[in-house]
J.: 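Sharing a structure below in structure tokens format, with a few things to ask.
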Amino acid sequence: MTNFHALAIDFYEKSTLDLAKSLLGCLLVKETSEGICSGYIVETEAYIGPEDRAAHSFNNRRTKRTEIMFGHSGLVYTYQMHTHTLVNVTSGGVDKPEAILIRALEPIEGIELMQQRRGLQTEKKLTNGPGKLTKALGITMQDYGLCYTKPPIYITPGILPKHISSGPRIGIGNSGEAKDYPWRFWITGNSYISK
DNA sequence: GCACAGATGAGCT
DNA sequence: GCTCATCTGTGCA
């Protein structure tokens with residue numbers, strides 16, 4: 001392992017909304033036996049459990065699935081959605097079930113391998129959605145509970161976004177007023193965001 | 001044990 | 001824009 005500069009755990013010790021913005025432009029790296037894949041994070045969504053009807057952990061619901069969100073910040077929370085796996089970063093610290101969904105990446109390393117996994121898509125469409133990026137990077141439920149500070153999955157400093165936009169989240173239509181919270185963040189003008 | 005919903009994506013109309 | 005693939009967790013009997 002050379003040039004290993006994963007962000008230390010204290011990077012994750014800030015408010016969930018701040019962390020969601022801080023993660024934009026950072027490099028998400030996944031190592032597998034097939035090779036290393038990475039990409040800049042260009043789109044995130046914050047889920048703040050206690051007050052957020054759209055979150056799995058709404059009202060502090062603590063179950064086997066959401067357990068990881070009650071743990072330390074900076075852990076991998078993977079979740080199976082139909083035929084896809086979604087990946088989150090836990091936040092809020094111990095006993096606060098908050099998390100940040102990674103919705104889109106800009107592919108950097110291992111693009112050929114990603115295209116192989118995704119079935120030869122164009123580079124633009126490799127990772128422009130939460131289900132697509134996990135398949136491209138090879139992230140699965142096996143990664144549940146890992147920490148983002150060390151291999152095989154970690155986050156390093158990347159670029160500094162020029163402008164950040166925010167707006168309502170996607171795909172949570174029947175969550176009452178929570179669907180209008182402007183907790184989705186993306187790098188303004190980046191062409192790899194999901195929509 | 002069983003039924004059902006869900007932070008999606010691809011393909012077809 | 002609509003359907004459906006296909007899997008885990010949850011809730012209830």
Side-chain angles (χ1 to χ4, degrees), chain A residues 12 15-17 19-21 23-24 28 30 37 39 41-71 73-92 96-107 114-146 148 153 155 165-187 191-195:
Chain A
Y12 301 94
S15 82
T16 295
L17 293 181
L19 183 55
K21 285 179 275 193
L23 283 170
L24 292 174
L28 174 65
K30 176 72 203 286
C37 290
I41 297 170
V42 298
E43 185 179 353
T44 60
E45 279 182 10
Y47 286 84
I48 301 183
E51 51 188 282
D52 183 359
R53 279 185 57 185
H56 298 148
S57 54
F58 173 63
N59 203 19
N60 288 315
R61 190 165 61 146
R62 186 169 190 152
T63 63
K64 191 178 174 188
R65 180 174 63 169
T66 61
E67 179 70 25
I68 197 71
M69 283 199 269
F70 289 84
S73 302
L75 303 179
V76 180
Y77 172 40
T78 48
Y79 167 69
Q80 195 80 31
M81 180 59 189
H82 293 259
T83 56
H84 307 280
T85 304
L86 277 54
V87 66
N88 301 247
V89 181
T90 63
S91 178
K96 287 186 182 161
E98 307 179 1
I100 295 156
L101 170 67
I102 299 175
R103 284 195 63 86
L105 298 179
E106 175 178 338
M114 293 193 235
Q115 288 172 327
Q116 225 173 77
R117 286 174 174 148
R118 297 267 299 117
L120 291 176
Q121 303 295 311
T122 64
E123 192 177 319
K124 292 259 180 194
K125 296 185 173 180
L126 276 179
T127 54
N128 64 338
K132 301 180 200 176
L133 72 91
T134 54
K135 187 173 182 187
L137 292 207
I139 295 171
T140 69
M141 289 303 289
Q142 301 294 311
D143 299 307
Y144 180 93
L146 297 180
Y148 281 108
I153 182 169
I155 293 174
S165 301
S166 66
R169 291 167 294 174
I170 289 179
I172 53 170
N174 53 346
S175 302
E177 60 182 23
K179 76 183 193 325
D180 296 322
Y181 297 169
W183 289 347
R184 173 173 172 246
F185 305 95
W186 65 93
I187 297 178
S191 51
Y192 293 90
I193 62 176
S194 62
K195 284 184 183 174

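Chain letters run A, B, ... following the sequence lines, proteins first, then strands; residues in each count from 1.
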J.: Whole angstroms only, please: what is the CG-P distance between A/L133 and B/dA10?
T.: 12 Å

J.: If you apply the rule side chain to side chain donor-acceptor pair (under 3.5 Å), what do you find for A/K124 with A/N128, and how did you get there?
T.: CA-CA 7 Å; A/K124 292 259 180 194; A/N128 64 338; over 6 Å; no

J.: Whole angstroms only, please: what is the CZ-P distance between A/F58 and C/dG9?
T.: 22 Å

J.: Check every atom of B/dT8, B/dA10, C/dG9 against the side chain of A/K132 and return the nucleotide holding the closest atom.
T.: B/dA10

J.: Using modelled atom types only, decide if a donor and an acceptor are shared between the side chain of A/T66 and the backbone of A/R61 within a distance under 3.5 Å.
T.: yes

J.: Does B/dG6 have its OP1 or OP2 closer than 4.0 Å to a side-chain nitrogen or oxygen of A/H56?
T.: no

J.: For Watson-Crick and G-U wobble pairs within 3.5 Å on both distances, what is DNA chain B written in dot-bracket notation, | included for inter-strand pairing?
T.: ||||||.|||||.

J.: With sugar-phosphate meaning primed atoms plus P, OP1 and OP2, does A/R61 contact a base, only sugar-phosphate, or nothing at under 4.0 Å between heavy atoms?
T.: sugar-phosphate

J.: I need the CD-P distance between A/Q80 and B/dG9, as an integer number of Å.
T.: 13 Å

J.: Does the aromatic ring of A/H82 sit over the six-membered base ring of B/dG9, closer than 5.5 Å centre to centre and tilted less than 30°?
T.: no

J.: With a 4.0 Å cut-off on heavy atoms, is A/E45 in touch with a base, just the backbone sugar-phosphate, or nothing at all?
T.: nothing

J.: Answer yes or no for this row: A/Y47 ring on B/dA7 base, centroids under 5.5 Å, planes under 30°.
T.: yes

J.: Report yes or no: is the ring centroid of A/H84 under 5.5 Å from the six-membered base ring centroid of B/dG9, with the two planes under 30 degrees?
T.: no

J.: What nucleotide among C/dG9, C/dT8, C/dG11 has an atom nearest to a side-chain atom of A/R65?
T.: C/dG9

J.: Heavy atoms, side chains only, cut-off 4.5 Å: are A/Y192 and A/E43 in contact?
T.: no

J.: Examine A/R53 relative to A/Y181 and say whether NZ or CZ is less than 6.0 Å from the centre of the six-membered ring and inside a 45° cone about the ring axis.
T.: no

J.: Checking A/R184 side chain against A/E45 main chain: does a donor-acceptor pair fall under 3.5 Å?
T.: no

J.: By nearest atom, which of the nucleotides B/dA7, B/dG6, B/dA10 is closest to the A/L86 side chain?
T.: B/dA7

J.: Can you tell me how far P of B/dA5 sits from CE of A/M81, to the nearest Å?
T.: 12 Å

J.: Using a heavy-atom cut-off of 4.0 Å across all strands, would you classify A/Y77 as base, sugar-phosphate, or nothing?
T.: base

J.: Give the nucleotide from the list B/dG9, C/dT8, C/dG11 with an atom nearest to the side chain of A/P130.
T.: B/dG9

J.: When you measure from the side chain of A/N88 to the backbone N and O of A/T90, does any donor-acceptor pair fall under 3.5 Å?
T.: no

J.: What integer distance in Å separates A/M141:CE from C/dT6:C1'?
T.: 15 Å

J.: Look at the side chain of A/T83 and decide which nucleotide, out of C/dG9, B/dG9, C/dA5, has an atom nearest to it.
T.: C/dA5

J.: For A/I68 and C/dG9, give me the distance from atom CD1 to atom P, rounded to whole Å.
T.: 13 Å

J.: Indicate whether OP1 or OP2 belonging to B/dA10 is found under 4.0 Å from a side-chain N or O atom of A/R118.
T.: yes

J.: Is NZ or CZ of A/K96 both nearer than 6.0 Å to the six-membered ring centre of A/F70 and within 45° of the ring axis?
T.: no

